[in-house]
2 protein chains.
Amino acid sequence: MSDRRNKLEDLAQQVVQQNGLKGLSFRTLADEIGIKSSSVHYYFPEKSDLAQALIARYSETIFERLEAIAKNPNTLQKKVLAFIAIFEQVAKDEKLCMCGMMAAEVESLSTANRDALSDFFSGMERWLTSQLVEHAEELSSQLSPTKLAKILISGLEGALLVDRVAGTNQRLKAQKELFLSWLV
Amino acid sequence: MSDRRNKLEDLAQQVVQQNGLKGLSFRTLADEIGIKSSSVHYYFPEKSDLAQALIARYSETIFERLEAIAKNPNTLQKKVLAFIAIFEQVAKDEKLCMCGMMAAEVESLSTANRDALSDFFSGMERWLTSQLVEHAEELSSQLSPTKLAKILISGLEGALLVDRVAGTNQRLKAQKELFLSWLV
DNA sequence: GTCTATATACAGATAGAC
DNA sequence: GTCTATCTGTATATAGAC
């Protein structure tokens, strides 16, 4: 992967997490890097190609981190708090989860983009579910691990969304406490 | 309020809930109504004026419904299920909460728009909190009503977001079960 | 209130030179 | 790989006639 391609993706991802895919233009992207928009089209012929690359890249980054968390022997509490910390870092930069942002724009995405987005969320849920199952003895909730995973992940996505408008982190904190309430 | 103005707002709201404010143009809005975009500017000089009207209108509609739910003597379970049903109706139309959608676009909104959005979410949380407090004896959670309200509302917003991508209603259902798990 | 006409800006995308 | 140049479409917004 070329360095330039990488820099384009870095910058594009940041813009998408703040302003959305519709808030990102090949022109401004090129300007910030110091090239022309036609050169950006060299790397990403269409905008949907850029979006696809961004989703793939973001997914890779996140799932690598999740794998590292899972591999490291630890309590469920520590593991999931490390998971939640990923969202907290996003919130601190006044951004959204990149895939959460694109989810809001799903009507204007290609079907490949949509599928990749859908895979991202189901992958995160699968990861969290497997952690909850693996540490079942540390859980005290009456709800199934699958449901708990769906609840927490959509809760975290929504918390990022609403907290950013309010300029606080109260909802993210509340979601964290929700998780803690599920532990024995 | 003129009939035309109303029809413009009706249509605009629907488009925003599906495609976002950036996905709404004065031109297409005018076309669908059968007038020219300059005539839309007669009602809403700038796009931020339209956005402000939409948020005010949406808030009014929702809070009227919440007031009706609160006024009608009922169990906490029935009241909150009626609250959740508002989200379920939105999901059925493959839309987002209009304010949830605009929350994703907050970086490109006027400060008045942001403040109105923030008020919408805090108003919903205040309503839900007051219901939880009023029916405290029906609750069994260790978390405070304020936190439960924040958890459920951001959870519902996130569930709409993620479910729409996945084309299911699993996360909304899971959030509903989460609420039910809080009852005695 | 609605129109025509237009100003201005910006979007995604492509052709072809270098 | 990057450029210049350009096509084409669309956006917000305004002026002024009717």
Side-chain angles (χ1 to χ4, degrees), chain A residues 1-55 98 101-102 104-114 116, chain B residues 1-55 98 101-102 104-114 116:
Chain A
M1 174 97 55
S2 77
D3 193 51
R4 172 132 298 168
R5 190 184 193 90
N6 241 314
K7 277 196 178 126
L8 282 167
E9 291 177 353
D10 280 346
L11 182 55
Q13 180 185 321
Q14 202 179 331
V15 174
V16 171
Q17 289 189 258
Q18 277 161 357
N19 307 330
L21 195 63
K22 285 204 177 112
L24 172 75
S25 82
F26 277 46
R27 269 191 185 15
T28 60
L29 187 55
D31 285 350
E32 299 258 352
I33 298 283
I35 57 176
K36 293 295 169 182
S37 69
S38 52
S39 299
V40 179
H41 280 285
Y42 168 78
Y43 295 98
F44 311 101
E46 302 188 13
K47 204 175 185 183
S48 59
D49 299 315
L50 173 55
Q52 195 71 11
L54 291 180
I55 300 168
M98 200 200 65
M101 179 65 91
M102 285 196 188
E105 304 177 288
V106 74
E107 291 283 340
S108 62
L109 298 181
S110 73
T111 56
N113 293 165
R114 287 181 209 214
Chain B
M1 173 97 54
S2 79
D3 194 50
R4 174 132 295 170
R5 190 186 192 90
N6 242 314
K7 276 194 178 128
L8 282 167
E9 291 177 354
D10 280 344
L11 181 56
Q13 180 185 322
Q14 202 179 331
V15 174
V16 171
Q17 287 189 260
Q18 275 160 359
N19 307 330
L21 195 64
K22 284 204 177 110
L24 172 75
S25 82
F26 277 46
R27 268 191 187 11
T28 60
L29 187 55
D31 285 349
E32 299 257 352
I33 298 283
I35 57 176
K36 293 295 169 182
S37 69
S38 52
S39 299
V40 179
H41 280 286
Y42 167 78
Y43 296 99
F44 310 101
E46 303 188 12
K47 204 175 185 183
S48 60
D49 298 315
L50 173 55
Q52 195 72 12
L54 290 179
I55 300 167
M98 200 200 65
M101 179 64 92
M102 284 196 188
E105 304 177 287
V106 73
E107 291 282 341
S108 61
L109 298 181
S110 73
T111 55
N113 292 165
R114 288 181 208 214

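Here is how names work: the chains are called A, B, and so on, in the same order as the sequence lines, proteins then strands, and each is numbered from 1. As the structure is a computational prediction, the values presented were derived from the model and not from experiment.
In this entry the distance linking OH of A/Tyr43 with C1' of C/dA13 reads 18 Å, nearest Å. Between A/Arg27 atom CZ and D/dC7 atom C1' the separation is 11 Å, expressed in whole Å. For the pair A/Glu105 CD and C/dA11 C1', the interatomic distance rounds to 15 Å; values are reported in whole Å. Put simply, NE2 on B/His41 is 13 Å from P on C/dC3, counting in whole angstrom units. Between the NZ atom of A/Lys47 and the C1' atom of C/dT14 there is a distance of 17 Å, given to the nearest Å. As a whole-Å value, the separation of B/Asn19 CG from D/dA11 P is 12 Å. Distance NZ (B/Lys22) to P (C/dG12): 12 Å, rounded to an integer number of Å. Rounded to a whole Å, the CG atom of B/Leu21 is 13 Å from the P atom of D/dA11.
Between B/Asp3 and B/Lys7 there is a salt bridge, since a side-chain N of the basic residue sits under 4.0 Å from a carboxylate O of the acidic one.
For the pair B/Arg5 and B/Phe44, the cation sits on the ring face: its NZ or CZ lies under 6.0 Å from the ring centre, inside 45° of the axis.
Residue-level contact check: B/Arg4 touches the backbone only, with heavy atoms under 4.0 Å from sugar-phosphate atoms and none from bases. Note on B/Ser38: a base of the nucleic acid sits closer than 4.0 angstrom, heavy atoms only. When heavy atoms are screened at a 4.0 angstrom cut-off, B/Phe26 is found touching the sugar-phosphate backbone but no base atom. Counting any heavy atom pair closer than 4.0 Å across all strands shown, A/Lys36 reaches a base atom. Across all strands, B/Ser39 comes closer than 4.0 Å to base atoms (heavy-atom distances). Residue B/Leu24 is in sugar-phosphate contact alone, with no base atom involved, counting any heavy-atom pair closer than 4.0 Å across all strands shown.
Between B/Leu109 and B/Met102, the closest heavy-atom pair is CD1-O, 3.7 Å.
Between the side chain of B/Lys47 and the main chain of B/Leu24, a donor-acceptor pair closer than 3.5 Å is present.
Contact between the side-chain N/O atoms of B/Tyr42 and the OP1/OP2 oxygens of C/dT2 is not found at any separation under 4.0 Å. Remark: A/Ser25 is not in phosphate contact with C/dC10, judged by side-chain N or O atoms under 4.0 Å from OP1 or OP2.
Between B/Gln17 and B/Gln13, the side chains place a donor N or O and an acceptor N or O closer than 3.5 Å (distance only, hydrogens not considered).
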